[in-house]
Every structure is written in C-alpha cells, then in structure tokens.
Amino acid sequence: IGLKKITDRSCEIVRVFVLEEYRGNGYAGMLFKKIEDLARDFGFERAEMVAWVLAKSALRLYEKLGYMKTEERVSEWFGGEKYIELYKNL
C-alpha cells in the first residue's frame with residue numbers, strides 16, 4: 001500500500017492488497033487507517049483510488065471505509081476492463 005501525490009491537497013492510495021489467507025481479519029482496515037493517518041500528516045485533505053469493477057469484495061470494503069464512487073471508466077491498457085474511481089475526504 002502506498003501514497004502518490006496528485007495535488008497539494010489530494011493523494012492517491014495505490015497498491016492495496018492483502019493476501020487471501022489473511023483476508024477477513026481486519027488487516028485491510030488497519031492498513032487504510034494507517035495510510036489515511038499518514039496522508040493527513042502530509043497535509044492531504046482528500047484520498048482517491050481506483051478499483052476494478054469485478055473486484056466486488058474490494059469495492060464493498062472501500063465503501064464500508066467511507067469511500068464514495070465517482071465515475072466508472074474503461075481501461076485503455078487492460079483490455080477494456082472497467083474500473084471505478086473513488087474518493088474520501090480526510
């Protein structure tokens with residue numbers, strides 16, 4: 001998991017992944033809390049991210065954590081797969 005600066009006030013959360021055998025134990029929520037705290041420490045006010053439409057369990061998690069869907073798009077790089085942009089005000 002990591003942060004990527006978009007503007008002085010917004011960042012993108014990238015490379016979010018928990019190994020399958022560790023899912024369902026709250027680790028993703030802990031990772032998000034830590035990365036969001038770090039983003040606030042850096043002065044960011046908004047976190048953005050993208051998720052594949054087919055990643056339904058990930059999308060449910062992001063919504064549970066307070067992320068809002070903004071737009072569905074089609075990837076030009078990954079065979080036309082659909083993804084969703086999400087954001088959260090920190």
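As the structure is a prediction and not an experimental result, all values here were calculated from the model.
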Requested in this report: Could you tell me which non-hydrogen atom of Val53 sits nearest to which non-hydrogen atom of Lys56, and how far apart they are?
Outcome: O-NZ, 3.7 Å
Requested in this report: For atom CD of Glu20, decide whether the heavy atoms of other residues, nucleotides or ligands shown that lie under 6.0 angstrom number more than 12.
Outcome: no
Requested in this report: Determine whether the aromatic ring centres of Tyr67 and Phe32 lie less than 6.0 Å apart.
Outcome: yes
Requested in this report: Taking all heavy atoms of Ala28 and all of Leu61, pick out the closest pair and write down the distance.
Outcome: CB-CD2, 3.5 Å
Query raised in the report: Rounded to the nearest 0.5 Å, how far does NZ of Lys34 lie from CD1 of Ile1?
Result: 12.0 Å
Query raised in the report: What distance separates Lys82 NZ from Ile84 CD1, expressed to the nearest 0.5 Å?
Result: 9.5 Å
Report task. Quick one: closest heavy-atom pair of Met30 and Asn25, and the distance? Result -> CE-O, 4.3 Å
**Report entry** Side-chain heavy-atom pair Ser10, Glu48 within 4.5 angstrom cut-off
**Finding:** yes
Query raised in the report: Taking C-beta and beyond as the side chain, do Tyr62 and Lys69 meet within less than 4.5 Å on heavy atoms?
Result: no
Query raised in the report: Would you call the rings of Trp52 and Tyr83 parallel, tilted or perpendicular if under 30° counts as parallel and over 60° as perpendicular?
Result: perpendicular
Query raised in the report: Going by an N to O cut-off under 4.0 Å, is there a salt bridge joining Arg73 and Glu85?
Result: yes
Query raised in the report: Hey, does the side chain of Arg23 reach the backbone of Val18 with a donor-acceptor pair shorter than 3.5 angstrom?
Result: yes
Query raised in the report: Just wondering, do Leu59 and Leu86 contact through their side chains at under 4.5 Å, heavy atoms?
Result: yes
Query raised in the report: Are the side chain of Arg40 and the backbone of Leu90 linked by a donor-acceptor contact shorter than 3.5 Å?
Result: yes
Query raised in the report: Just by modelled atom types, is the Leu65 backbone N or O under 3.5 Å from a matching donor or acceptor in the Lys88 side chain?
Result: yes
Report task. Identify the two heavy atoms, one from Ile13 and one from Glu36, that lie closest to each other, and give their separation to 0.1 Å. Result -> CD1-CG, 4.5 Å
Query raised in the report: Under a 4.5 Å side-chain heavy-atom rule over Ile, Leu, Val, Met, Phe, Trp and Tyr, are Leu31 and Leu3 clustered together?
Result: yes
Report summary line: Separation between CZ (Arg46) and CD (Glu12), nearest 0.5 Å, reads 11.5 Å
Query raised in the report: Should Val74 and Glu81 count as side-chain neighbours, where that means a heavy-atom distance under 4.5 Å?
Result: no
